[in-house]
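Accompanying notes for the structure given below.
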Amino acid sequence: AILNEVRSQQPGNVEAKHHLGMILARTGRADAGIALLREAVGASPKEALYWNNLAASCLAVQRSAEAAEAAQKATEIDPGYAMAWENLGFARRDLRQPEAAVAAFAAAARLQTLDASTRRSWAACLLELGRYDAAIEKARDALRSDPHAPDALSTLGLALMQQGKDDDARSALKQSLEINPENPAA
């Protein structure tokens, strides 16, 4: 309500557009939120935060191509913006561009410690690329902070299987299925 009041009194207020766009995107009104975020980046095209939040909002509703464009723009404006690199990695993963996703996740990791979700996605992209040792390393890294992540266990199991470590692979895949019997990867 306050942001709408600000917008009625100051229709060009970029911060109000940005914040209201984020609220709308997070409360199930993604199209309206993304439209306001697009207005914010149009009014302040050099603001990496706006581009990153546009990317995050697009990712939340599976608009990965738009998310990739926005996250790429954020990283160009601010190469030190770790969250923008993560969002770029997620978008590239969703677009089935694992090499680009791996590069984006690696850039993010150089800037900050990645959460388990990001490390799991990184491991899955490495698995897709056939980089089994690296996939195992990232999956185990993710499991250290989230030992009950079925997708990390599945990635670990599949990578171990590719290396002929069948007993270890079966163990990881079994654990994955015990946690989530519906897990299609296991």
Side-chain angles (χ1 to χ4, degrees), residues 3 12-131 133-146 149 151-152 155 159:
L3 290 170
N13 186 306
V14 179
E15 273 297 306
K17 289 178 185 183
H18 171 246
H19 288 293
L20 185 57
M22 289 300 296
I23 290 169
L24 291 172
R26 291 180 180 171
T27 58
R29 296 168 283 181
D31 288 337
I34 289 169
L36 280 174
L37 289 166
R38 286 204 175 281
E39 287 183 36
V41 298
S44 292
K46 299 288 185 196
E47 181 58 60
L49 173 67
Y50 296 173
W51 285 105
N52 182 62
N53 287 342
L54 174 59
S57 296
C58 288
L59 277 172
V61 292
Q62 290 81 43
R63 290 166 62 171
S64 301
E66 293 172 74
E69 288 177 29
Q72 182 69 48
K73 185 69 174 170
T75 63
E76 290 167 4
I77 294 166
D78 182 358
Y81 196 170
M83 182 57 69
W85 284 108
E86 284 187 65
N87 284 332
L88 182 58
F90 288 125
R92 296 295 185 207
R93 174 205 62 194
D94 293 350
L95 292 168
R96 310 291 301 170
Q97 299 170 347
E99 193 69 50
V102 165
F105 291 139
R110 285 190 294 274
L111 298 166
Q112 72 178 19
T113 301
L114 303 179
D115 66 15
S117 171
T118 305
R119 288 180 275 164
R120 290 191 310 264
S121 291
W122 191 357
C125 291
L126 289 163
L127 175 66
E128 191 174 338
L129 291 169
R131 294 170 52 189
D133 287 336
I136 289 167
E137 177 188 332
K138 292 298 175 215
R140 286 185 172 148
D141 187 34
L143 288 165
R144 279 190 278 284
S145 59
D146 187 3
D151 51 342
T155 298

key: Donor-acceptor side-chain pairing of Tyr50 and Glu15 below 3.5 angstrom   =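 Indeed, the side chains of Tyr50 and Glu15 share at least one donor-acceptor pair under 3.5 Å.
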inquiry  = Distance alone, cut at 3.5 Å: any donor-acceptor contact between the side chains of Arg119 and Ser145?
reply    =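 Indeed, the side chains of Arg119 and Ser145 share at least one donor-acceptor pair under 3.5 Å.
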query = Taking Thr75 for the side chain and Gln72 for the main chain, is one N or O donor matched with an acceptor at less than 3.5 Å?
reply = yes
From [X] atom [atom1] to [Y] atom [atom2], the distance as rounded to the nearest 0.5 Å:
X      : Y      : atom1 : atom2 : value
Leu20  : Leu37  : CG    : CG    : 9.0 Å
Ile34  : Cys58  : CD1   : SG    : 4.0 Å
Glu69  : Leu88  : CD    : CG    : 11.0 Å
Met22  : Asn53  : CE    : CG    : 4.0 Å
Cys125 : Phe90  : SG    : CZ    : 9.5 Å
Leu143 : Ile136 : CG    : CD1   : 12.0 Å

How close do [X] and [Y] get, heavy atom to heavy atom, and via which atoms?
X      : Y      : result
Ala84  : Ala74  : CB-CB, 3.7 Å
Asp78  : Ala48  : CB-CB, 3.8 Å
Trp51  : Pro45  : NE1-O, 2.9 Å
Ala159 : Ala135 : CB-CB, 4.2 Å
Leu111 : Pro79  : CD1-O, 3.7 Å
Ala108 : Leu114 : CB-CD2, 3.7 Å

key: For Ala56, side chain to side chain contact (heavy atoms under 4.5 Å, CB included) partners two or more places apart   = Asn87
query = Partners of Leu129 by side chain to side chain contact (heavy atoms under 4.5 Å, CB included), sequence neighbours excluded?
reply =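 Leu129: side chain to side chain contact (heavy atoms under 4.5 Å, CB included) contacts with Pro98, Glu99, Val102, Arg131.
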Test: Asp146 and Arg120 ion pair at under 4.0 Å = yes
key: Contacts of Asp115 that satisfy salt bridge (Lys or Arg N to Asp or Glu O under 4.0 Å) - sequence neighbours left out   = none
key: Results of salt bridge (Lys or Arg N to Asp or Glu O under 4.0 Å) for Arg144 - residues two or more places apart only   = Asp141
request  = Scan for side chain to side chain donor-acceptor pair (under 3.5 Å) pairs involving residues 21-37, sequence neighbours excluded, and state none if there are none.
outcome  = Thr27-Arg29, Asp31-Arg63
query = Would you call the rings of Phe105 and Trp122 parallel, tilted or perpendicular if under 30° counts as parallel and over 60° as perpendicular?
reply =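 Tilted: the ring planes of Phe105 and Trp122 meet at 30° to 60°.
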task = Begin from the C-alpha positions of Glu128 and Arg96 and carry the test salt bridge (Lys or Arg N to Asp or Glu O under 4.0 Å) through to its verdict.
result = CA-CA 9 Å; Glu128 191 174 338; Arg96 310 291 301 170; 3.0 Å; yes
request  = Could you check if a side-chain atom of Val41 sits within less than 4.5 angstrom of a side-chain atom of Lys73, using non-hydrogen atoms only?
outcome  = no
key: Side chain to side chain, Arg38 and Leu54, heavy atoms closer than 4.5 Å   =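 Side-chain contact under 4.5 Å: yes.
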query = Looking at residues at least two apart in the chain, or sitting in another chain, which of them share a side-chain hydrogen bond (donor to acceptor under 3.5 Å, both in side chains) with Arg92?
reply =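 Applying side-chain hydrogen bond (donor to acceptor under 3.5 Å, both in side chains) to Arg92 gives Gln97.
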task = Any chance you could lay out the side chain to side chain donor-acceptor pair (under 3.5 Å) test for Glu86 and Tyr81, step after step, and finish with the verdict?
result = CA-CA 9 Å; Glu86 284 187 65; Tyr81 196 170; over 6 Å; no
